[in-house]
Protein chains: 2
Amino acid sequence: MRIGELGEATGVDVETIRYYERSGLLPEPQRQANGYRAYGPLHLERLSFIRHCRALDMSLADIQRLLAFFDRPQADCGDINRVIDEQLERVRARLKSMRALEKQLTSLRSHCEAGHTAKECGILQELVAAAHGEACACHPAAAQ
Amino acid sequence: MRIGELGEATGVDVETIRYYERSGLLPEPQRQANGYRAYGPLHLERLSFIRHCRALDMSLADIQRLLAFFDRPQADCGDINRVIDEQLERVRARLKSMRALEKQLTSLRSHCEAGHTAKECGILQELVAAAHGEACACHPAAAQ
DNA sequence: TGAACACCCTGTAGCCGCTACAGGGTCAAG
DNA sequence: CTTGACCCTGTAGCGGCTACAGGGTGTTCA
């Protein structure tokens, strides 16, 4: 299986596949006589695994940690749980700040309907007020 | 006001301030005889504005668009609304995918309590199943 | 006087996870 | 024998910083 076929099969760009190899996530494949990479089913499986983890927004470093378990199946799986827990923690923290962000932007947006000059624009005025540290609709309490 | 004082006053790293200058967000300040940057109150205000917008997760390019309005206060503010609307759109889209992500990770996490070997770990098994494209707890419907 | 230290300067390289070249080689079809 | 699709390596770019290296400046204290 050449790199293009692997890419086709997994939906991954060939440049990305080479990048994963360079980064040590995907083991170096054998080469054909002409120097082309020759992949087997194990590469396909591993690449699919990587992509699924990426879809869960894990870092390549964390994926590396998970991949290591395939090489030592007798190891305690505590570290696997830890990777997932940490990821979940990050996602939840990010979710929290995104929700706050949406609130702030929604409030900000409500300060202007189009048709003013920039000088009169409530949005800009709010942003400037916020920059001054005054209480503003979009940052009502202390800016943490 | 020297760069360190400006940084202190705004809570912005001096390297970041210089970076904003290089990027054209912060106008070049005057220089003291010794070559040190000399900032005035307008720089302080502008930098605070930038940081507040960054706290709203706007890109530097979008902040640039907003800053341009200070130089032409008579312009129609339609573009300001557009920047905020686009940002709100991005935040909402991201929120949606983060919520899905949290669900997937939570479900994944429920597949293993610690104390197994890696081989038996439900999480790893689920991830491999997912990589195979089989229906899995964390990717139940079609992987889009 | 001079040594230590905090601050400032420029320029460059690194982080992440790709993406996009440039400049070449390989191979099958027309 | 030329076109075109594929492959190779190596390098540079994205955004938004962050972290040096290698130097200059200015104050304080012995």
Side-chain angles (χ1 to χ4, degrees), chain A residues 1-26 28-40 43 46-67 83 86-87 90-91 94 97 101, chain B residues 1-26 28-40 43 46-67 83 86-87 90-91 94 97 101:
Chain A
M1 193 179 218
R2 286 180 309 172
I3 196 168
E5 299 171 277
L6 180 62
E8 189 73 17
T10 52
V12 180
D13 193 290
V14 297
E15 306 264 23
T16 304
I17 297 176
R18 284 195 278 253
Y19 170 74
Y20 287 160
E21 182 181 323
R22 272 201 306 283
S23 315
L25 279 159
L26 211 50
E28 291 193 22
Q30 291 195 264
R31 298 286 180 146
Q32 293 173 359
N34 58 14
Y36 289 13
R37 288 171 179 80
Y39 292 101
H43 288 98
R46 190 140 168 156
L47 181 55
S48 304
F49 180 88
I50 294 169
R51 289 310 279 192
H52 185 69
C53 292
R54 284 294 298 135
L56 294 173
D57 212 22
M58 292 184 204
S59 70
L60 297 188
D62 278 350
I63 297 172
Q64 191 79 283
R65 281 165 76 190
L66 293 182
L67 283 169
V83 169
E86 286 165 13
Q87 180 63 10
R90 272 193 296 274
V91 167
R94 184 99 180 108
S97 79
L101 200 51
Chain B
M1 191 178 220
R2 286 181 308 174
I3 196 167
E5 298 171 278
L6 181 61
E8 190 73 16
T10 53
V12 179
D13 192 291
V14 298
E15 306 263 24
T16 303
I17 298 176
R18 284 195 278 254
Y19 170 73
Y20 287 160
E21 181 181 324
R22 274 201 306 283
S23 314
L25 278 158
L26 211 50
E28 291 192 21
Q30 291 193 266
R31 298 285 181 145
Q32 294 174 356
N34 58 13
Y36 289 12
R37 289 171 177 80
Y39 294 102
H43 288 99
R46 190 140 168 158
L47 181 54
S48 304
F49 180 88
I50 293 171
R51 291 309 281 193
H52 186 68
C53 292
R54 285 292 298 134
L56 294 172
D57 212 23
M58 293 182 203
S59 70
L60 297 188
D62 278 351
I63 297 171
Q64 191 79 283
R65 282 166 75 191
L66 292 182
L67 284 168
V83 169
E86 287 165 12
Q87 180 62 12
R90 271 193 296 274
V91 166
R94 185 101 180 106
S97 78
L101 200 50

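The structure displayed is predicted, hence computed values, not measured ones. Reckoned from all heavy atoms, side chains included, excluding hydrogens, waters and symmetry mates.
In this structure, the CD1 atom of B:I3 is 17 Å from the C1' atom of D:dG26, given to the nearest Å. The distance between atom CG of A:D57 and atom P of C:dG17, rounded to the nearest whole Å, is 9 Å. Counting to the nearest Å, the P atom of C:dC9 and the CD atom of B:E28 are 12 Å from each other. Regarding A:D13, its CG atom lies at a distance of 19 Å from the P atom of D:dC14, rounded to whole Å. Atom P of nucleotide D:dC6 and atom CD of A:Q32 are separated by 15 Å, given to the nearest angstrom. Protein atom CZ of B:R54 is 9 Å distant from nucleotide atom C1' of D:dG15, rounded to whole Å. Put simply, CD on A:Q30 is 14 Å from P on D:dC8, counting in whole angstrom units. To the nearest angstrom, P of C:dC8 lies 10 Å from CG of B:L6.
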Between N or O atoms, less than 3.5 Å apart, protein on one side and nucleotides 26-28 of chain C on the other: list the pairs.
{"from": "C:dT26", "atom 1": "O4'", "to": "A:Y36", "atom 2": "OH", "distance (Å)": "3.4"}
{"from": "C:dC27", "atom 1": "OP1", "to": "A:N34", "atom 2": "ND2", "distance (Å)": "2.9"}

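Counting non-hydrogen atoms of other residues, nucleotides and ligands closer than 6.0 Å to CD of A:E86 gives a total above 12. Other residues, nucleotides and ligands contribute more than 12 heavy atoms inside 6.0 Å of the CD atom of A:Q32. Counting non-hydrogen atoms of neighbouring residues, nucleotides and ligands closer than 6.0 angstrom, the CD atom of B:E28 reaches no more than 12 such neighbours. Within 6.0 Å of CD in B:E5 there are more than 12 heavy atoms belonging to other residues, nucleotides or ligands.
For B:Y39, the ring pair (Phe, Tyr, Trp, His ring centres under 6.0 Å) partners two or more places apart in sequence, or in a different chain, are B:H43. For A:Y36, the ring pair (Phe, Tyr, Trp, His ring centres under 6.0 Å) test picks out no residue, with sequence neighbours left out.
Among pairs with a residue in residues 46-60 of chain B, those fulfilling salt bridge (Lys or Arg N to Asp or Glu O under 4.0 Å) read A:R94-B:D57, at least two apart in sequence or across chains.
End-to-end axis angle for the helix from C:dT1-D:dA30 to C:dG30-D:dC1, using five pairs per end and rounding to 10°, comes out at 30°.
Here the side chain of B:Q87 pairs a donor or acceptor atom with the backbone of B:L56 at under 3.5 angstrom. Although no hydrogens or angles enter the test, the distance criterion places a donor-acceptor pair under 3.5 Å between the side chain of B:S23 and the main chain of B:Y19. Side chain of B:T16 to main chain of B:V12: no donor-acceptor pair is present (N/O by atom type, distance under 3.5 Å, no hydrogens or angles).
Applying the 4.0 Å criterion to OP1 and OP2 of C:dT19, one finds that A:T16 has a side-chain N or O inside that range.
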At under 4.0 Å between heavy atoms, how does the protein contact nucleotides 10-16 of chain C? Give one character per nucleotide, 5' to 3', with B, S or -. B------
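Comparing B:R51 and B:R2 by the nucleotide of DNA chain D that holds the closest heavy atom to each, the one mapping nearer the 5' end is B:R51.
Looking at B:L25, B:I3, B:I50 one by one, the single match for side-chain contact (heavy atoms from CB on, under 4.5 Å) with B:I17 turns out to be B:I3.
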